[in-house]
There are 2 protein chains.
Amino acid sequence: MDESTTAGASGSEGHQGRLSDYVYESLKDQLTRGAYSPGKKLPIRTVAETLGVGSTPAREAINRLVFEGALVMSGPKTVIVPYLDLAGLYEVTQMRLALEGLAAEKGAANATGETVETLLKLQEKISLSLDEKRYRDALHVNKEFHFTIYRLCGMPHLLSTIEALWLRVGSSFHDLYPEFAEQRYGVHNHMVAIEALAEGEASFVRAAMENDIRDGYRRLKKAAMSRVGHRAAPSG
Amino acid sequence: MDESTTAGASGSEGHQGRLSDYVYESLKDQLTRGAYSPGKKLPIRTVAETLGVGSTPAREAINRLVFEGALVMSGPKTVIVPYLDLAGLYEVTQMRLALEGLAAEKGAANATGETVETLLKLQEKISLSLDEKRYRDALHVNKEFHFTIYRLCGMPHLLSTIEALWLRVGSSFHDLYPEFAEQRYGVHNHMVAIEALAEGEASFVRAAMENDIRDGYRRLKKAAMSRVGHRAAPSG
DNA sequence: TTGTGATTTTTGTTGTAACATAATTGCAAT
DNA sequence: ATTGCAATTATGTTACAACAAAAATCACAA
């Protein structure tokens with residue numbers, strides 16, 4: 001790069017390694033936080049200038065997110081944050097049930113006492129976050145809870161595919177914030193999962209996690225349906 | 001592009017649309033045909049010059065394939081065709097069972113008499129190809145057979161994920177050619193699937209397809225194990 | 001006010017050069 | 001012969017400019 005120092009100077013962020021990855025992680029972070037409202041356009045040059053990098057890494061990151069389904073194309077040269085779509089939500093949920101169910105059951109076989117300890121601590125964090133209405137934190141720890149179980153199976157390909165699915169639905173989570181605390185999302189299923197894990201009942205762990213996914217689906221579905229009316233006029 | 005006509009002239013291929021896609025499809029095609037032996041390096045400039053394009057579309061296509069798992073990085077700046085790996089093969093097989101099982105069962109619910117006709121014709125083609133030892137054709141029609149069923153479920157995201165899995169194992173198929181005809185790969189399972197489909201027994205269709213995947217896994221596994229000895233010295 | 005066509009602006013794609021670093025080669029010492 | 005290190009080559013990454021096409025804007029007429 002002929003101006004490698006410029007990016008660091010103008011952006012002043014403490015990143016290292018490939019700029020493509022930096023842009024990718026930045027956008028991914030914003031998306032999973034629901035910072036972008038559905039329909040928002042993300043042109044290459046705008047993203048590049050915002051993050052103080054050239055158009056090449058910005059383009060690569062955006063294309064990667066489009067490929068993953070975290071962003072969608074509304075036209076031949078227009079990339080936007082996807083609208084919540086009932087059919088797509090159903091699809092992703094079915095895939096999540098299949099793959100996360102698999103990961104949970106396989107992972108449960110490798111659980112240790114330490115795993116149970118970790119999960120209990122994470123669940124406490126979730127409850128505390130819900131109490132204090134720190135929804136973003138709750139969401140973050142909730143993800144950590146799931147993947148703590150899934151990671152046990154030792155299948156990195158499976159893990160990355162599941163992460164891609166989370167990224168796909170992630171941009172819809174901001175609709176859940178209000179209801180998130182009141183419904184004590186996931187508390188019951190998580191406790192059941194922990195108990196089953198401690199008892200070595202792998203299939204029960206799977207069922208608990210699947211129920212958790214289904215419960216989340218019902219909430220996302222409601223949010224999606226309530227927005228169908230607003231979707232006719234995508235104002236960008 | 002400042003020399004858009006150069007690419008078309010030098011390559012003289014009849015492609016249109018994005019050059020990235022052209023490179024991607026070309027490489028994908030070579031990989032699924034087993035044209036590249038595991039360990040082969042694929043540098044950006046080499047691929048670009050071979051196909052008569054700039055380095056940008058070549059880079060994008062290669063990165064995409066790496067992301068999909070069809071190519072792997074053996075070092076920080078070295079992309080190679082992946083070696084057959086037992087653990088990875090197991091992973092992909094588990095994922096295939098989960099997702100293709102899902103697609104088969106959901107798809108079976110939407111099957112029609114026409115579907116059965118199509119599948120029977122495809123199966124005839126497979127048998128004919130096996131008789132005449134046209135393994136590549138058999139492999140191609142075999143894929144068409146599977147996806148004819150999977151497409152019925154009407155879940156494009158699921159379909160594309162399954163396709164990515166096929167691409168991952170695709171580069172290993174060339175090891176199967178000799179045994180392919182003798183074992184009449186997939187014939188029995190396919191016929192069971194067709195019958196179950198005609199009778200509307202969705203779960204039986206799923207089971208038949210899953211058995212087909214397991215049978216293929218056993219063969220790929222044998223090929224992988226027989227090559228472990230040669231893998232210590234990746235000659236490139 | 002609304003629809004339609006032309007004009008202007010925006011934007012994705014691609015080739016290229018420069019740079020840093022990984023990969024390779026060559027050489028010398030043991 | 002083999003190992004370790006230095007020099008050389010090869011290669012991925014990035015910024016940038018030019019181009020084509022899409023998107024937005026605008027003007028004008030119904």
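Proteins come first, then strands; the chains are lettered A, B, ... in the order of their sequence lines, and each starts at number 1.
- Here A:R45 pairs with A:E49 under the side chain to side chain contact (heavy atoms under 4.5 Å, CB included) rule; sequence neighbours left out.
- Distance, A:R18 CZ to C:dA22 C1': 14 Å, rounded to whole Å.
- Per the geometry, CD1 belonging to B:I62 stands 14 Å off P belonging to C:dT14, to the nearest Å.
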Solution key, residues 148-159 of chain B side-chain donor-acceptor pairs under 3.5 Å, sequence neighbours excluded:
residue	atom	partner	partner atom	Å
B:T148	OG1	B:E144	O	2.7
B:Y150	OH	B:E100	OE1	2.6
B:Y150	OH	B:H146	ND1	2.9
B:R151	NH2	B:E144	OE2	2.7
B:H157	ND1	A:R168	NH1	2.7

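- One finds a side-chain N or O of B:T78 lying less than 4.0 angstrom from the OP1 or OP2 phosphate oxygen of C:dA23.
- Under the 4.0 Å criterion applied to side-chain N and carboxylate O atoms, B:R64 and B:E60 are not assigned as salt-bridge partners.
- C:dT14 atom P lies 11 Å from atom CD1 of A:I44, rounded to whole Å.
- Using a 4.0 Å cut-off, some side-chain N or O of A:S20 falls inside it from OP1 or OP2 of D:dT14.
- Whole-Å rounding puts the B:I80 CD1 to D:dT11 C1' distance at 16 Å.
- Between the P atom of D:dA18 and the CZ atom of A:R45 lies a distance of 12 Å, rounded to the nearest Å.
- Between B:M73 atom CE and C:dT21 atom C1' the separation is 13 Å, expressed in whole Å.
- Going from atom CG of A:L42 over to atom P of C:dT10 covers 18 Å, rounded to whole Å.
- Under 4.0 angstrom from either OP1 or OP2 of D:dA24 there lies no side-chain N or O belonging to A:K77.
- Close to C:dT13, at under 4.0 Å from its OP1 or OP2, lies a side-chain N or O of A:R59.
- Taking every side-chain heavy atom of B:N63 into account, D:dT13 is the closest of D:dT13, D:dA15, C:dT13.
- Listed nucleotides: D:dA22, D:dT13, C:dG15. Nearest to the side chain of A:P76: D:dA22.
- Residue-environment remark: NZ (A:K125) stays at or below the threshold of 12 foreign heavy atoms within 6.0 Å.
- Comparing D:dT13, D:dC16, C:dG12 by their nearest atom to the side chain of A:T56 picks out D:dC16.
- Rounded to whole Å, atom P of C:dG12 lies 17 Å from atom CG of B:L19.
- Remark on DNA chain D: of its neighbouring residues A:D21 and A:G75, the 5'-side contact belongs to A:D21, judged by nearest-heavy-atom nucleotide.
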**Report entry** Evaluation steps, side chain to side chain donor-acceptor pair (under 3.5 Å), between B:Y217 and B:Q94
**Finding:** CA-CA 10 Å; B:Y217 169 68; B:Q94 292 296 319; over 6 Å; no

